[in-house]
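Values in this document were obtained by computation on a predicted structure and should not be read as measured data. Each ligand, and each atom within it, is numbered from 1 in the order the structure gives.
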Amino acid sequence: MVSLPSGFDGRTVPSVPGRRLLRPDFIWGVSTSSYQIEGAAREDGRGPSVWDGFSHEPGRIANGDTGDDACDHYHRYGEDIALMRDLGVGAYRFSIAWPRVLPEGRGAVNEAGIAFYDRLVDGLLAAGIEPWVCLYHWDLPQALQDRGGWAHRDSVSWFADYTRLMASRLGDRVKRFATFNEPGVFTLFGYAFRWHPPAVDDPSQHHAAIHHVNLAHGAAIDVLRAYLPGASLGTICNMQPVRPVDPTDQDRAAAALLDEYWNRAFADPQVRGTYPQALAGRIAPFVQEGDMERIRRPIDWLGINHYSPIYARADATSRLGFAWSDAPAGVPRSPIGWQIDPEAFRDTLLDACDRYRLPIYVTENGAGAEETGDATGVVDDVERIAYLSCYIDALEEAVMLGADVRGYFVWSLLDNFEWGAGYANRFGLVRVDYPTQRRIPKASARWYRATIAAQVRGSVP
Ligand code: IFM
């Protein structure tokens, strides 16, 4: 039985148990993404992404924030690698900004952009940290959106060509590649809810985009296999139980639908070769002969991003037949209102192992907060520690019950640009003081370092 540690009421920092049930080669890491940390949005030939334009539109992002400067990781990556080395992580998952290496999305290569990722990869390897490259974390080149974006079937070959470029430039040193991060989020939020670019509510574009992203995944896996036969390849999906906000038949049906879009629209076709039932009919107009075989290419692992259960309610005005809902009153919540339910995490891992039969890496898990530091910027983030502690307990329990979980990456190394919430919402183990770009490790960074050391060396330092 997983229980909530007492840190949630701010009294006790959870201890650091040895994690003896985990594999000796269990990978402890941290994750970030390009648009959320890099900054340098107009430097060294980078082209615009859909997030540049969107974040500059009035009213889209809290406080009018943009990713123009973000954490200035483009210039401070050396300092950030040193922070990771200090944490003792074995791996760092980051994403490539497609428009930094191909400013128009295709065609002319921006060598300065490639050189940045060369420096980053070399620095990580020199620090003994394995680079895990994710090819797409939502920052589509604007030039490709202007041609129709993911709703256009040509997006499959655009992505395959971009993948070929990155495989040929980084594949001599990078051995882990993921194709997409959380396609369930950027398709639903971008093509139905209008919370992300391209900010349309258009079921036809939405369903086309789902299918083309799946095809692009399959095409990218083929490219990576051809170029890098020894590489370890995966896909990264958000997976969280979807619950009806009220126990009515209508809300249950809404939750079942959202579950298909959120949890299964990508992993099911990519790993099992079929779309889930309700979605299959909606996607059918876009499926051509041979597509399902093109999508279902063998992969080596499944990345799962998980934070909390999510909720749906019926909505007759919604073109998809459901609406997003906040968690009901009374459930335990993180400081930003996300439900805390480590048993749901354990069960998600067990279900995913059972359904997809692949080794699993938890590629994102973490807690957001609108926190301020003390006068020196130090953050005693006991609630984040409590969250991480009980979620890692739940992971360990899933392993005990048979789940093949091989790694865990905290979201995130740094506070960063949290999409629509801008910079107000902080997820980092390390605080970023944005006006000065000073990095200040939080209490959770020290706790995570001790957690890793306890497992890696078998003792608490
Ligand atoms: O910041 C995001 C990340 O980009 C994708 N997964 C969820 C994180 C927290 O909201």
Side-chain angles (χ1 to χ4, degrees), residues 29-39 49-52 54-55 60-62 65-67 70-71 73 92-98 132-140 178-190 193 195-197 213 234-240 242 261-263 266-267 302-311 324 326-327 333-340 344-345 348 361-371 381 383-384 387-388 391 408-432 444:
V30 284
S31 288
T32 66
S33 90
S34 45
Y35 189 73
Q36 293 180 270
I37 64 165
E38 284 181 6
S49 78
V50 289
W51 271 94
D52 292 284
F54 184 76
S55 65
R60 294 289 194 193
I61 312 293
D65 290 339
T66 74
C71 308
H73 173 75
Y92 173 48
R93 180 180 76 100
F94 62 96
S95 73
I96 307 287
W98 185 348
W132 285 45
V133 166
C134 179
L135 290 166
Y136 189 81
H137 199 125
W138 310 355
D139 42 1
L140 184 73
T179 52
F180 286 87
N181 183 77
E182 297 184 6
V185 175
F186 72 80
T187 51
L188 187 65
F189 287 7
F193 294 167
W195 296 340
H196 285 190
V213 167
T235 188
I236 297 174
C237 293
N238 42 286
M239 287 195 187
Q240 291 151 276
V242 184
Y261 281 92
W262 189 261
N263 290 317
F266 299 90
L302 175 64
I304 292 184
N305 294 356
H306 178 105
Y307 292 83
S308 67
I310 57 173
Y311 287 82
W324 192 267
D326 286 340
R333 290 162 197 264
S334 74
I336 54 163
W338 292 10
Q339 184 177 355
I340 297 164
F345 181 44
T348 297
Y361 293 93
V362 175
T363 35
E364 282 185 27
N365 175 243
E370 291 192 3
E371 59 203 359
D381 52 342
E383 289 181 312
R384 178 170 294 105
Y387 174 97
L388 296 174
Y391 271 68
Y408 174 88
F409 292 67
V410 172
W411 183 271
S412 182
L413 171 66
L414 303 169
D415 292 341
N416 59 48
F417 177 79
E418 177 55 15
W419 309 113
Y423 296 101
N425 208 332
R426 293 170 179 266
F427 275 83
L429 296 172
V430 175
R431 179 176 174 81
V432 176
S444 57

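Of the N and O atoms on the side chains of Ser95 and Ser34, at least one donor lies less than 3.5 Å from an acceptor on the other residue. Under 3.5 Å, the side chains of Tyr35 and Ser55 contain a donor-acceptor pair of N or O atoms. Using a 3.5 Å distance cut-off with no hydrogens or angles, the side chains of Asn365 and Tyr387 do pair a donor with an acceptor.
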Practice task
Evaluate side chain to side chain contact (heavy atoms under 4.5 Å, CB included) for Leu429 paired with Leu388, printing each intermediate quantity in order.
Solution key: CA-CA 11 Å; Leu429 296 172; Leu388 296 174; 4.1 Å; yes
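Residues passing the side-chain hydrogen bond (donor to acceptor under 3.5 Å, both in side chains) test with Tyr261 are His207, Arg282, sequence neighbours excluded.
Protein residues with any heavy atom under 4.0 Å from ligand 1: Gln36, His137, Trp138, Glu182, Tyr307, Trp338, Glu364, Trp411, Glu418, Trp419, Phe427.
Ring-centre distance between Phe427 and Trp338: below the 6.0 Å cut-off.
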